[in-house]
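Each remark here refers to the structure printed beneath this line.
First the proteins, then the strands, lettered A, B, ... as listed; each starts at 1.
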Amino acid sequence: MVDFGFGLVPSSRINLDLFDKDKYEELAAVEPDVRICMACGSCTAVCTAGKFSTTSLREAIEDIKNAQPAKAVEMLQACQLCGKCSMVCPRGINTRHLILSITKTYSTK
Amino acid sequence: MIYEGKQKIWSEYQKEIPDDHYFYVRSCIRQSFFPASEATFLDITRNRLGKDIFETEHHTTCGGIAYHSDTIPQETVMTIIARQFALMAKNGYENYVCSCITSFGLYCETMETWREFPELEAKIRENLWKTCKLEFAKPKFLIHASDLIYKYRNLIAAQAVRKLVNVHTGEPLKVVEHIGCHYSKMFPSKGVGGAEYPYVLTGMIEAWGGEIVDYPERRHCCGFGFRQYFIKGNRGYSLSNTHKKFESMEPFKPDLIITNCPGCPYFLDRWQYVIAESTGKTYGPDGHGIPALTYEEVAGLVMGYDPWDLGLQTHQIGPEPLLDKMGVEYDPAKKYLGKNGKNIGEPLPCTCLKG
Ligand code: SF4
Ligand code: SF4
C-alpha cells in the first residue's frame, strides 16, 4: 500500500439507529435526572478534571444519546468525583451519582 | 416520492439563458486538468451548432482560488472581475459565459455585493479606471458553460451518433451527476433547478439517453474545498469527503460520473486512485474505477468525437470499460499519442486500480 502522507480521517457520522434504548432506560431507572439535563455546559465549565483532560459531563450525556456510550465512559475516567459540577448544575442534578451510574451501566470491563 | 412543495417549485423555475452571442472566459485549472474540454465546448457550440462564442487572449484568472484561500482581498478580486466584464463590453457583448464554477460563484457573489453596496461598486469602477483605463460594465446575462450545453442539449441529441446506452444490454447507462457547490448552493436562483434540485446535468443525461442515479450523498461536496486540499496536512479531509460519496453511490453500480466543475472531476477521479492504492478499495467492477468525466467530454462522446481527442487519456480512471459499453471505437495504440503523433508519456501502472 502507498503512503501518501495523508489518508482517510475517521468518520464523525452519528448513527442514531445504534442507540440502545433498553440500556438508556436502565440508566434512567437508577438516575432519572439524566432526562432533564439541558446541555448547558455549566458542569464542564467548572470541572476540575476538565482542565487537564477531556472530561465533560455535558458531552458524556450527549454521547450516550448519540449512541456513543464507549466515548462517554472513556471521558468520565478522569473524573475525581469532587462534586463541583453538582453545585453549579441549574437543574439540580446529582451529577456524581449520574457519573457513577453511567460508568456502571455502560462500562464493558 | 410525492412530487410537491419545493421540488415542484424548482422544477417550474427557469433560469433565463440567451440562445446566442456570448463572451467566453476559460478556467485556469480546467486547462491543465482536462485540457480538451474547453476546446470541445468551443468546437460544439461554434462549429457544430453555429453559435457566436467570442473569446479573447486578454482575459485573466478571476482570482477565485486566491480569494477562497484567503490570500487576496475581496476588492482586488472585484477589480479583476470588473476588468473581465469590461473586456466583454469592449468587444461588443453583453452575455457572459464562464467555464469555471468557482468563477461563476464568484461572479454571482460580486454582482450581488455590488447590488447591495453601490458605494463599493463605485469604488471598483474607480479602481478599474485607475488601473486599466477601462470602462466599467456589467453583463446582462451571467451564464455557466454547462447552462449553455443544457440549453443546447436537444440540439446535441439531434446530432448524436450514439446514446448513453449500454450497446450490449440495451439498458441506459447509470449516471451519477455531480454539481459544483458554487454553481447554485450560494445563489440558488442562478442555477438551473436551484440548490437542492439542480437539473442542469440531469437534463443533459436524460436528453442523451442515460439514467440518473439518486443516491444519499448526491449533494455532498466533492471534497475540493480549497484550503483542505492545498494544505497537505488537511488533505485527508478532502479525501474523506470523496470517500463518503463513493461509499454512498457504490451500491447503485454507476457506469459514469458527470460533473460541471473544474475541481469535482479531478477529485472524483484522482481520489479513486489514492483510495485504491492506500486502502485497496475500488468502486467499479473487477478492480476498475468509475470514470468521472466533464459534461463537454460526455457531449463529445455522444457526438462521435474521438475519445483521445477529448483528452480521456488524461483521466486517472481508464475510460475503456465505458467506451466498450457505449460502443465507441478507439485505437488503444493512440491513447498516449499527442496531436503531433509524439508520445505524451504514460503513467506508471497502479497496484490495486486497473485501467
Ligand atoms: S465531579 Fe467529576 S465531572 Fe464533576 S466537576 Fe468534579 S471532576 Fe468534573
Ligand atoms: S450543568 Fe447540569 S444541566 Fe448543565 S450540562 Fe451539566 S448536568 Fe446538564
Quick check: under 4.5 Å, non-hydrogen atoms only, which of [range] neighbour chain A?
{"range": "residues 342-351 of chain B", "value": "none"}
{"range": "residues 272-286 of chain B", "value": "B/Tyr273, B/Val274, B/Ala276, B/Glu277, B/Ser278, B/Thr279, B/Gly280"}
{"range": "residues 241-271 of chain B", "value": "B/His243, B/Lys244, B/Trp271"}
{"range": "residues 224-236 of chain B", "value": "B/Lys232, B/Arg235, B/Gly236"}

Flag yes if more than 12 heavy atoms outside [X] fall under 6.0 Å of its [atom1] atom; otherwise flag no.
{"X": "B/Tyr237", "atom1": "OH", "answer": "no"}
{"X": "A/Met87", "atom1": "CE", "answer": "no"}
{"X": "A/Lys21", "atom1": "NZ", "answer": "no"}
{"X": "A/Gln77", "atom1": "CD", "answer": "yes"}

TODO: Mind listing the closest non-hydrogen atom pair of A/Gly7 and B/Ser240 along with its distance?
DONE: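 Reported closest heavy-atom pair: O-OG, 4.5 Å.
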